[in-house]
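Small disclaimer: the values here were computed from a predicted structure and weren't measured. All heavy atoms count here, side chains included; hydrogens, waters and symmetry mates do not.
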Amino acid sequence: MAPPRYELPAIVPVGRFAYQSPTFVLAIEAVKVYSTGCNFDLTWMLRRTDQEDRKWAELNAVFHRPAPQVRDGGMSAESVLLLGVQLPDGTKASSSSLAMYAPKSMDQEPDGPVFDYRPRGGNGGEDDMSANGEVWLWPLPPAGDLRLVAQWTDMGMPESSIVLDGAQLRNAAAGARKYWPEDTQ
């Protein structure tokens with residue numbers, strides 16, 4: 001459900017936009033690859049144009065919503081950042097999926113893949129708003145095209161995607177290092 005606690009990940013730089021417009025960007029900065037899965041580092045920014053103060057305040061409230069899991073039906077899919085992944089074999093997972101929250105015994109692995117969004121923070125002002133987060137993917141992806149998909153209708157971002165090399169990420173896992181020798185956890 002999370003990266004190994006005592007492991008230094010290998011870093012795969014990405015530095016690509018999943019979406020870019022005159023007012024909104026969503027970028028994948030890098031992937032932190034662990035022995036069991038990987039974290040995608042995301043950042044996004046909205047730039048103010050001609051919005052009145054009231055509209056800007058409304059956008060601010062939507063922009064800084066908590067995690068994108070649509071659990072209680074209280075939020076519409078248009079008002080949250082939706083994130084998903086498609087593995088080379090066609091298997092899909094999304095950050096809004098409730099399957100990973102189904103009750104499980106603590107000694108059982110979850111059904112994969114897990115694609116879990118974790119917000120890190122953000123800020124905003126009169127001219128722009130920015131935020132960042134990470135998405136944990138477990139297990140490591142297989143070789144082939146790994147498609148990351150994002151959509152945020154209220155920010156003007158239609159479904160957008162980038163393709164990463166699953167083999168590159170899987171191979172990078174060999175560079176992840178334990179903090180301490182295997183016999184101490």
key: Worked verdict on E7 versus S35 for side chain to side chain donor-acceptor pair (under 3.5 Å)   = CA-CA 8 Å; E7 194 170 282; S35 60; 2.8 Å; yes

message = Determine whether R118 and V135 satisfy the following criterion, side-chain contact (heavy atoms from CB on, under 4.5 Å), listing intermediate values before the conclusion.
response = CA-CA 6 Å; R118 295 146 193 249; V135 186; over 6 Å; no

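- Within the 4.5 Å cutoff, side-chain heavy atoms of L83 are placed close to those of L42.
- Under a hydrophobic clustering in which Ile, Leu, Val, Met, Phe, Trp and Tyr are joined whenever their side-chain heavy atoms come within less than 4.5 Å, directly or via other members, M45 and I162 fall into different clusters.
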inquiry  = One pair to check against side-chain contact (heavy atoms from CB on, under 4.5 Å): E29 and V14. What are the steps and the verdict?
reply    = CA-CA 5 Å; E29 294 179 348; V14 177; over 6 Å; no

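- Side-chain contact between L46 and W56 is present, with heavy atoms from C-beta onward closer than 4.5 Å.
- Shortest non-hydrogen contact noted between A18 and S160 is O-CB, 3.2 Å.
- Between P4 and W136 the shortest heavy-atom distance is CD-CH2, 4.3 Å.
- The shortest distance between side-chain heavy atoms of N123 and S130 falls below 4.5 Å.
- Two residues are said to be in side-chain contact when any heavy atoms from C-beta on lie closer than 4.5 Å; Y117 and F40 fail this criterion.
- Ring centroid separation for the pair W44 and F24 does not come in under the 6.0 Å cut-off.
- Between P88 and D145 there is no side-chain heavy-atom pair separated by less than 4.5 Å.
- Here the CG-CZ distance, from L164 to R16, works out to 5.5 Å after rounding to the nearest 0.5 Å.
- At least one side-chain heavy atom of L59 sits under 4.5 Å from a side-chain heavy atom of M129.
- Of the inter-residue distances, the one linking L8 atom CG with Y179 atom OH reads 6.0 Å to the nearest 0.5 angstrom.
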task = Walk me through it: do V31 and L169 pass the test side-chain contact (heavy atoms from CB on, under 4.5 Å)?
result = CA-CA 8 Å; V31 183; L169 299 178; 3.8 Å; yes

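- Nearest heavy-atom pair across R47 and D128 is CA-CB, 4.2 Å.
- In terms of heavy atoms, T91 sits closest to P113 at CG2-CD, 3.5 Å.
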ask   = Can you list the steps and then say if M157 with L81 is a side-chain contact (heavy atoms from CB on, under 4.5 Å)?
value = CA-CA 9 Å; M157 183 176 75; L81 173 59; 3.9 Å; yes

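- Nearest heavy-atom pair, L137 versus F115, reported as atom, atom and distance to 0.1 Å: CD1-CD1, 4.0 Å.
- Under the 6.0 Å cut-off for aromatic ring centres, Y34 and W138 do not qualify, their centroids lying 6.0 Å or more apart.
- Residues I28 and F17 fall into different hydrophobic clusters, defined by Ile, Leu, Val, Met, Phe, Trp and Tyr side chains chained together at heavy-atom separations under 4.5 Å.
- We find that R48 and D53 are joined by a salt bridge, their nearest charged nitrogen and carboxylate oxygen being less than 4.0 Å apart.
- Of the N and O atoms on the side chains of S161 and R147, at least one donor lies less than 3.5 Å from an acceptor on the other residue.
- The side-chain heavy atoms of N60 and V62, taken from C-beta on, include no pair separated by under 4.5 Å.
- Between T43 and D41 the shortest side-chain heavy-atom distance does not fall below 4.5 Å.
- Within a 6.0 Å radius of CZ in R120, other residues, nucleotides and ligands contribute more than 12 heavy atoms.
- Scanning both residues, P142 and R170, for their nearest heavy atoms gives CA-NE, 3.8 Å.
- Side chains of D116 and S95: no donor on one and acceptor on the other come within 3.5 Å.
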